[in-house]
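Taking it in order: structure first as structure tokens, then the write-up.
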Amino acid sequence: MSFILYRNGAVSLRNAEIARIFYELAELHEFRGDDFFKIRAYRNAAKVLAGLNEPVEEIKKKVDLKKIPGIGKNIAKKIEEILLTGRLQKHEELLREVPQGVIEIMSLPGIGPKRASMLLEKLNISNPEELAEAALAKRVRGLPGMGVKLEMDIIRNVEMIKRRSGNVLLATARELAAELTEYLNIISSVTRVEVGGSIRRWRETVGDIDLVVEAEDASMVFDAVKSHPRIKEAAKIVENRARFHTWWGIDVELEIVPEEMFFLALHKSTGSKKHLSRLQEILGAKGVDFAHSVIERTDAVHDEGDIYAALGMSYIPPEIREDRGEIESAINDRLPQLVEQSDIIGDLHIHTTWSDGVATIEQVVKRAKEKGYKYLAITDHSQSLKIAKGLSLEKLKKQHREIRMMNEKFSENNEDFRILTGMEVDILPKGDLDCPDEILEETDIVVASVHSAFRQDRETMTGRIISAINNKNVDIIGHVTGRLLGRRDEYALNLERVLDAAAACGTILEINSSPDRLDLNDINARLAKDKGIKIAVNTDAHDLKRMDEMPYGVAVARRAWLEAGDIVNTMPLEKLLLYLDEKNK
DNA sequence: GCCGTTTTCGGCCCGACTGTTTTCAGTCG
């Protein structure tokens, strides 16, 4: 039997891991106050690497890495070193020089390299905990340029980091879970593997990876897992259960079960705890013991549907097992027909090389067609977002002309595909838009988003977004609450009023599929649906790979109980354009 | 660091906001 995938101890790093080394390299150089352009080059290379469609190792076999835009002689050499040795000497050198915790300090809002290095130098602070302590002891305010407000921010933001600790983004967990699943599947005694727990429910962040494995010999499976390169050590092994620490900082929990118990175990693993206990409670009230009544018929359980059927209710998809009314609905056979990935036939928020994306219009269109989409909106940034190479009005017009020409070609060739002209227009601090109305008017899809002045007070921010909603040329509000999971809380906002305004104007709200945004979240998206607001599930992709993140947005939609009819990019093009037309009157 | 050439070095990076000031440095997107 061969379950060792990786020979000679050489672990092939994934693009994301290589990218992470360059991101860190950039931060280390930044702390040292090194050349801005070098730092930017590293960051850019990291972004490019993370966005590649194919493992860089495979690409290297075919072409010179220097051919990839953003990768030059030096970075190519560094990549080769990483591929060969799994490490980068320069990176490790700097890590020895700069305390690890200092990098974490720099990730706190309001603290950059200058302040981090002053804190280290003057107060000998080298990690977030020490910094929070110093802030509590009112020692930070003694330093030049730092005051009471910053101390309060520090205390709050270190708290935010702590809350995050132990949790990773769903996308990270899914990636590792998929790799382990694939690995387990080649072990001969394993007949079935499923990912359970909060990953299966598509929660936005998860604490650990739960795997349910159907196999005869638990110890054999555990031995194999121990030798997987992502596994650091076994934390606990008791009978048919084991917990492992991984190098990625997230734990893996394995449960080995015989065939007849597989779906019961998967169901239990999937949870949520609230869902399971509510199930117990409701059935208990009817005098049915949930566990007992099902287990008596294990031979009749061939999937989870059988479990719910045995309990006298319709099947409840994992995403909505949160005790938010799904059990009552299932008993009355009134569950929604949740939207599916296959219902999505377009993406209405995409960036290209025209602004800060790394793929051309041609490339994203090709990818969209491969995905079976019927349309795509190109929505590059507007002029004032300089850092993201926002388009001047001239360039925007030029882009729209080019898109129209491409569309003409599609119709000449009888191709059933359409590129929608679009833009992601900034909602400026005072609530006006970063583009004149006459241009917005002739643009197919206008996504309006906040990218600046995040710390306005609640009243101002609410008014700001509502005034964008009130502009009839705005079709979609992008990433409505502005949060970045684990990095930036949502801005102060009276969401209730924003939803009411969107409902009144017919303005579409976005579910942004980017795994670090997922914004609107499940709860807010469900509120929006209840008010009759239409939703667009968009990727906001800046490269080809991130166009694949649509399932994360769809999962949020499902967790929000949304059906295909609630989502505009399930509509055929004509219907979508009609909807926008009606709305804009 | 990369890139692009009028080929080997110069250009690439910008404006607003914030908290601290009292004229601005640092941070951010």
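Chain identifiers are assigned alphabetically (A, B, ...) following the order of the sequence lines, protein sequences preceding nucleic acid strands; residue numbering begins at 1 within each chain. Values in this document were obtained by computation on a predicted structure and should not be read as measured data. Excluded from the calculations below are hydrogen atoms, water molecules and symmetry mates; all remaining heavy atoms, backbone and side chain alike, are included.
Of all nucleotides in DNA chain B having an atom under 4.0 Å from a heavy atom of chain A, the first and last in 5' to 3' order are dG1(B) to dG29(B).
By the rule that a glycosidic angle within 90° of 0 means syn, dT8(B) counts as syn.
Within residues 131-154 of chain A, the residues having any heavy atom closer than 4.0 Å to DNA chain B are, in order of number, Gly145(A), Met146(A), Gly147(A), Val148(A), Lys149(A), Leu150(A).
Paired with Arg87(A) under the rule salt bridge (Lys or Arg N to Asp or Glu O under 4.0 Å), one option of Glu17(A), Glu92(A), Glu93(A) passes, and it is Glu92(A). Results of the side chain to side chain donor-acceptor pair (under 3.5 Å) test with Glu30(A) over Arg40(A), Lys38(A), Arg43(A) single out Arg43(A) as the only residue that passes.
Taking atom P in both dC12(B) and dT21(B), the straight-line distance is 35 Å, to the nearest Å. Taking the P atom of each, dC14(B) and dC9(B) are spaced 25 Å apart, rounded to whole Å. Only the P atoms considered, dT18(B) is 36 Å distant from dC3(B), to the nearest whole Å. If you take atom P in dT5(B) and the same atom in dT20(B), they sit 47 Å apart, rounded to whole Å.
Using modelled atom types and a 3.5 Å distance limit, the side chains of Thr507(A) and Asp475(A) yield no donor-acceptor pair.
Within 4.0 Å (heavy atoms only), Phe37(A) reaches at least one base atom of the nucleic acid.
Remark: dT8(B) base-pairs with no nucleotide in the shown strands. Criterion, Watson-Crick or G-U wobble with two distances under 3.5 Å.
When the shell of 6.0 Å around CD of Glu80(A) is examined, it contains more than 12 heavy atoms from other residues, nucleotides or ligands.
Each of Lys78(A) and Phe36(A) was assigned the nucleotide of DNA chain B with the nearest heavy atom; the assignment lying further toward the 5' end belongs to Lys78(A).
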